[in-house]
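Residues take their numbers from the sequence shown, with the count starting at 1.
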Amino acid sequence: MSTAPKPEILAAFEAAKGFMPAGEGLALYEAAVEAGALGLPLLEVGTYCGRSTILLADAARAAGVTAVTVDHHRGSEEQQPGWDFHDPETVDPELGVMDTLPAFRRTLHTAGLEDHVIAVVGRSPQVARVWNSPLGLVFIDGGHTDEHATADYEGWAPHVAQGGLLVIHDVFPDPEDEFTGQAPYRVYLRALASGAFTEISATDSLRVLRRTGAGV
């Protein structure tokens with residue numbers, strides 16, 4: 001039986017800044033609800049303005065666990081000025097650099113989910129190095145270069161508990177999508193080849209894998 005968020009949660013998701021389509025969001029929510037049953041935190045790499053965080057936080061609230069979201073809030077490569085995914089509203093007018101943290105905080109407050117999220121402001125590899133707790137779910141949705149996607153995988157996949165879920169966004173097998181989705185695709189292939197993860201669902205560019213073995 002599929003699991004769907006309540007209408008007010010879905011409305012908050014759709015109203016928030018971000019790039020995740022509703023169909024992928026529903027698949028993420030279903031994975032988060034399933035993973036929440038493990039009684040462990042749900043962690044997201046790549047917060048942006050909190051669109052997908054809403055779904056993780058609501059699933060965490062229902063399970064009595066915490067959602068954790070990690071981002072430096074300065075924007076990934078394709079969100080910088082001059083690129084298609086840049087939003088001028090995310091630029092700090094005084095500093096002249098991106099700062100998505102205020103928008104993220106407004107998103108969570110509006111959705112009534114602030115008490116169910118720990119926001120970690122920092123670079124993913126640095127945070128991963130000091131993290132030492134098992135996770136029920138890791139959602140990789142950070143930078144789309146090989147450097148960043150690989151670092152997110154190597155930093156966080158080891159923390160996925162047995163039976164927990166690894167969710168990877170923007171998996172695009174077509175070489176035409178080199179900039180937007182080939183690095184996540186290569187990480188996805190690496191996860192499958194490791195023998196540690198088994199794919200359980202695919203929804204457009206979202207892949208859900210379960211830890212069924214050791215290693216990464």
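Pairs engaging residues 115-124 under the side-chain hydrogen bond (donor to acceptor under 3.5 Å, both in side chains) rule: H72-R123, S124-D152, S124-W156 [sequence neighbours left out]. Applying the ring-ring contact (aromatic ring centres under 6.0 Å, His included) test to residues at least two apart or on different chains, the pairs with a partner in residues 93-115 are H73-F104. Screening residues 53-64 for salt bridge (Lys or Arg N to Asp or Glu O under 4.0 Å) gives D58-R61 as the qualifying pairs, with residues at least two apart or on separate chains.
Annotation: side chain to side chain donor-acceptor pair (under 3.5 Å) contacts of T69 (sequence neighbours excluded): E44, T47. Residues forming a side-chain contact (heavy atoms from CB on, under 4.5 Å) with A151 (at least two apart in sequence, or on another chain): P125. Applying the salt bridge (charged side-chain N to carboxylate O under 4.0 Å, His left out) criterion to D141, with sequence neighbours excluded, gives no partner residue. With sequence neighbours excluded, the residues that form a side-chain contact (heavy atoms from CB on, under 4.5 Å) with V120 are V68, V70, I118, V127. Residues passing the side chain to side chain donor-acceptor pair (under 3.5 Å) test with E154 are R190, sequence neighbours excluded. Evaluation of the side-chain contact (heavy atoms from CB on, under 4.5 Å) rule for V216 yields Y153, A157, P158, R211 as partners, not counting sequence neighbours. The side chain to side chain donor-acceptor pair (under 3.5 Å) search around E199 returns Y188, not counting sequence neighbours. For the side-chain contact (heavy atoms from CB on, under 4.5 Å) test, residues two or more places apart in sequence or in another chain that qualify with R210 are E34, L165, I200, T212.
Here OG1 of T100 is found 7.0 Å from OH of Y48. Values are rounded to the nearest 0.5 Å. For the atom pair CD of Q182 and NE2 of H144, the computed distance is 11.5 Å after rounding to the nearest 0.5 Å. In this structure, CG on L26 lies 7.5 Å from CG on L55, to the nearest 0.5 angstrom. L166 contributes atom CG, which lies 11.5 Å from atom OG1 of T198 (distance to the nearest 0.5 angstrom). In this structure, the separation between SG on C49 and CG on L101 is 10.0 Å, given to the nearest 0.5 Å. Note that OG1 of T53 and CZ of F13 are 10.5 Å apart. Values are rounded to the nearest 0.5 Å.
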I would like to know whether V160 and F197 meet side-chain contact (heavy atoms from CB on, under 4.5 Å); could you show each step before the answer? CA-CA 10 Å; V160 177; F197 295 97; 4.2 Å; yes
Take L137 and L56 through the side-chain contact (heavy atoms from CB on, under 4.5 Å) test and state the conclusion after the steps. CA-CA 10 Å; L137 177 144; L56 294 180; 4.1 Å; yes
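The nearest pair of heavy atoms linking L206 to L28 is CD2-N, 3.6 Å. Scanning all heavy atoms of the two residues, the minimum distance from A67 to A60 falls at N-CB, 3.7 Å. Of all heavy-atom pairs spanning I168 and P184, the tightest one is CG2-O, 3.9 Å. For the residue pair A161 and L40, the shortest heavy atom distance occurs at CB-CD1, 3.5 Å. For the pair G136 and A35, the tightest heavy-atom approach, listed with the atom from each and the gap, is O-CB, 3.4 Å. Between T203 and A27, the shortest heavy-atom distance links the atoms OG1-CB, 3.4 Å.
Grouping the Ile, Leu, Val, Met, Phe, Trp and Tyr side chains by contacts below 4.5 angstrom, directly or via other members, places V167 apart from L189. I140 and M20 fall into different hydrophobic clusters, where Ile, Leu, Val, Met, Phe, Trp and Tyr side chains are chained together by heavy-atom contacts under 4.5 Å. Connection of V138 to V65 is not established within any shared hydrophobic cluster, with ILVMFWY side chains joined at heavy-atom distances below 4.5 Å, either directly or through further cluster members. Note on F172: it does not cluster hydrophobically with V208, by side-chain heavy-atom contacts below 4.5 Å among ILVMFWY residues.
Residues I9 and I54 are in side-chain contact: their nearest non-hydrogen atoms beyond the backbone lie under 4.5 Å apart. Contact check for D146 versus R186: side-chain heavy atoms found under the 4.5 Å cut-off. Side-chain contact between L108 and T110 is absent, with no heavy-atom pair separated by less than 4.5 Å. Between H159 and P134, the closest side-chain pair of non-hydrogen atoms is not below 4.5 Å. Taking the side chain as every heavy atom from C-beta outward, R51 and T107 never approach each other to under 4.5 Å. Annotation: side chain of E30 is not in contact with side chain of V33 (no heavy-atom distance under 4.5 Å). Between L43 and W131, the closest side-chain pair of non-hydrogen atoms falls below 4.5 Å. Taking 4.5 Å as the limit, every side-chain heavy atom of V117 sits out of range of all side-chain heavy atoms of T66.
Between the side chain of R207 and the main chain of D204, a donor-acceptor pair closer than 3.5 Å is present.
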